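For reference, the structure discussed in these notes is given below.
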2 protein chains.
Amino acid sequence: MVGSARDVEIPLENQQIKQAGLKVTAPRVKILEILEQSGKRHMSAEDVYKALLSHDEEIGLATVYRVLTQFEGAGLVCRRHFEGGQSVFELNSGEHHDHLVCVKCGKIVEFLDTTIEKRQARIAAEEGFKIEDHSLVVYGVCPDCQKKRG
Amino acid sequence: MVGSARDVEIPLENQQIKQAGLKVTAPRVKILEILEQSGKRHMSAEDVYKALLSHDEEIGLATVYRVLTQFEGAGLVCRRHFEGGQSVFELNSGEHHDHLVCVKCGKIVEFLDTTIEKRQARIAAEEGFKIEDHSLVVYGVCPDCQKKRG
DNA sequence: GGTATACTGAAAATCTTTCGCATCTTGCCC
DNA sequence: GGGCAAGATGCGAAAGATTTTCAGTATACC
Ligand SMILES: [Mn+2]
Ligand SMILES: [Mn+2]
Ligand SMILES: [Zn+2]
Ligand SMILES: [Zn+2]
C-alpha cells in the first residue's frame with residue numbers, strides 16, 4: 001500500500017465537529033456542509049432538511065433539529081428568531097451582527113453598528129441590567145421589491 | 001322616566017372597539033378591560049385568558065387569540081415576540097418603544113432611544129430599504145435578580 | 001322587533017419543535 | 001480487525017402555541 005494517511009484529506013467539518021466535543025457522524029457532517037455550501041446564509045431547520053433530501057441524504061427532521069441545537073450549544077451556529085414561526089440558523093462567524101430583513105422577499109442584510117451597540121450597553125447599565133444578549137431586527141422592503149411594486 | 005341617555009356612561013372601551021370597526025361584544029370589552037386594568041403591561045394570550053377566568057368570564061382561549069389579533073390589526077394593541085414560545089401583547093400607547101427583558105424573572109423595562117432609532121433609519125437607507133418596523137430586545141439580568149444570585 | 005351579518009365557544013386542525021425508544025454507529029481498547 | 005459501551009439516529013408520537021372550522025348566538029341597523 002503506497003501513500004500515507006495524508007492521501008485522504010480529513011474534511012474540515014470533521015475537525016470542527018470533533019473540536020465541539022461531538023462525535024463525527026454522517027448527519028452532522030452533512031448538515032454542516034449544507035450550512036457552509038448553501039447560498040442561503042440563514043436557513044430554517046426545514047430548509048436544511050429539504051436541502052438534505054435534495055442531496056439524497058436520509059436524515060430525519062428530528063435529527064436536523066437535534067443537530068442544529070447541538071451545534072448552537074457548541075457555538076458552531078447561531079439561532080435567530082425572526083418574525084414568522086420558524087427559527088433560522090446561520091454559521092457562527094464569531095462576530096456579532098444584527099439584521100435587516102425584507103418583508104416581501106425575505107432578503108437579509110447583516111450589519112453591525114457600534115453606535116447602537118454602545119447605546120444599548122448604556123441603556124442597560126442605566127437600568128442596572130447586566131446584558132446577556134440582544135436581538136435587533138429591522139423589517140422593511142428591499143430595493144428590488146420596491147421596484148417591483150408601487 | 002327622568003334623566004337622559006347620558007345617565008348611563010358608555011364605557012370608553014366600547015368607543016375604541018367601535019372606532020376600530022368591530023362590533024362591541026362582551027369578550028372584546030372584557031379583554032380590553034383586562035389589558036387596561038392588569039398590572040402587567042405585557043400579557044400573553046394565556047395570561048389574558050387566565051385573568052378572564054379569575055374574573056369568572058366564560059371566554060374561550062380561541063376567542064382571546066382571535067380578539068387580540070383583531071385588536072392588533074385595528075392598532076389597539078401591539079404584539080411582541082420575545083424569546084420563549086408565546087407572543088405577548090400590550091396596549092398600543094401610540095408611541096413606539098423597545099424593551100429590556102430580565103431573563104431570570106421576566107421583568108420588562110421599556111425604553112426609547114432616538115440615537116438608536118436614527119442609526120437604524122440611516123442603516124436601512126444606506127441599503128435602500130424602506131423601513132416598515134423593527135424589533136429591539138435587550139436580554140439581561142435585572143438588579144433584583146443579580147442580588148439574589150452570584 | 002326582525003334580520004342579515006358578524007361573532008362566539010369548543011373541538012379539531014396546523015405548525016413547529018421536542019421526546020421516547022428500539023436500533024445503529026462511533027471511538028476506543030485489545 | 002473485532003468487541004463494546006456510550007452516544008446518535010430515525011421514526012412516530014407528543015407537546016405547545018396558534019388558527020381554523022362550524023353550528024349556534026348576539027349585534028347593528030331598519
Ligand atoms: Mn446573520
Ligand atoms: Mn412595551
Ligand atoms: Zn425584497
Ligand atoms: Zn429579574
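Naming convention: chains lettered A, B, ... in sequence-line order (proteins, then strands); numbering from 1 in each chain. Heavy-atom basis, side chains included; hydrogens, waters and symmetry copies ignored. These numbers were taken from a predicted model, which means no experiment stands behind them.
Checking D:dA8, D:dG10, C:dT8 against the side-chain heavy atoms of A:Arg28 singles out D:dA8 as nearest. Among D:dT9, D:dA28, D:dT19, the nucleotide with an atom closest to any side-chain atom of B:Val24 is D:dA28.
Residue-level contact check: B:Arg66 touches the bases, meaning some heavy atom is under 4.0 Å from a base atom. Looking at heavy-atom distances under 4.0 Å, A:Thr63 makes contact with a base. Within the 4.0 angstrom heavy-atom criterion, only backbone atoms of the sugar-phosphate kind lie near B:Ser87; the bases stay farther away. Residue contacts for B:Glu58: at a heavy-atom cut-off of 4.0 Å it reaches the sugar-phosphate backbone alone, with no base atom in range.
We find that NZ of A:Lys50 is positioned 11 Å from P of C:dC15, with the value rounded to whole Å. Summarising the geometry, the separation between CD on A:Glu83 and P on D:dT18 is reported as 13 Å, rounded to the nearest angstrom. The distance between atom CD1 of B:Ile17 and atom P of D:dA26, rounded to the nearest whole Å, is 17 Å. The distance between atom CG of B:Leu68 and atom P of D:dT18, rounded to the nearest whole Å, is 10 Å. For the pair A:Ile31 CD1 and D:dG10 P, the computed distance is 8 Å after rounding to whole Å. With rounding to whole Å, A:Leu22 atom CG is found 14 Å from C:dT26 atom P. With rounding to whole Å, A:Asp47 atom CG is found 16 Å from C:dC15 atom P. When rounded to the nearest whole Å, the span between CG of A:Leu52 and P of D:dG10 equals 10 Å.
Screening B:Arg119, B:Lys118, B:Arg122 for a salt bridge (Lys or Arg N to Asp or Glu O under 4.0 Å) involving A:Asp113 leaves a single residue, B:Arg119. The only member of A:Gln86, A:Glu90, A:His42 that meets side-chain hydrogen bond (donor to acceptor under 3.5 Å, both in side chains) when paired with A:Arg80 is A:Glu90.
Mapping A:Pro27 and B:Thr69 onto DNA chain D by nearest heavy atom places A:Pro27 at the nucleotide closer to the 5' end. Nearer the 5' end of DNA chain C, as judged by each residue's closest nucleotide, is the contact made by B:Leu61, out of B:Leu61 and A:Ala26. In terms of position along DNA chain D, the nucleotide closest to B:Ala62 lies nearer the 5' end than the nucleotide closest to the other residue of the pair B:Ala62 and B:Lys18.
Distance NE2/A:His55 to CD/A:Glu33: 9.0 Å, rounded to 0.5 Å.
A sub-4.0 Å separation between OP1 or OP2 of D:dA17 and a side-chain N or O of B:Ser44 is absent. Not one side-chain nitrogen or oxygen of A:Tyr65 sits closer than 4.0 Å to the OP1 or OP2 atom of C:dT18.
In this model, a side-chain donor or acceptor of A:Lys23 finds a partner on the base of D:dA6 within 3.5 Å.
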Problem set entry | side-chain hydrogen bond (donor to acceptor under 3.5 Å, both in side chains) between B:Arg66 and B:Thr69, intermediate numbers included | CA-CA 5 Å; B:Arg66 211 165 17 212; B:Thr69 299; over 6 Å; no
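Using a 4.0 Å cut-off between charged side-chain N and carboxylate O, B:Lys40 and B:Asp47 make a salt bridge.
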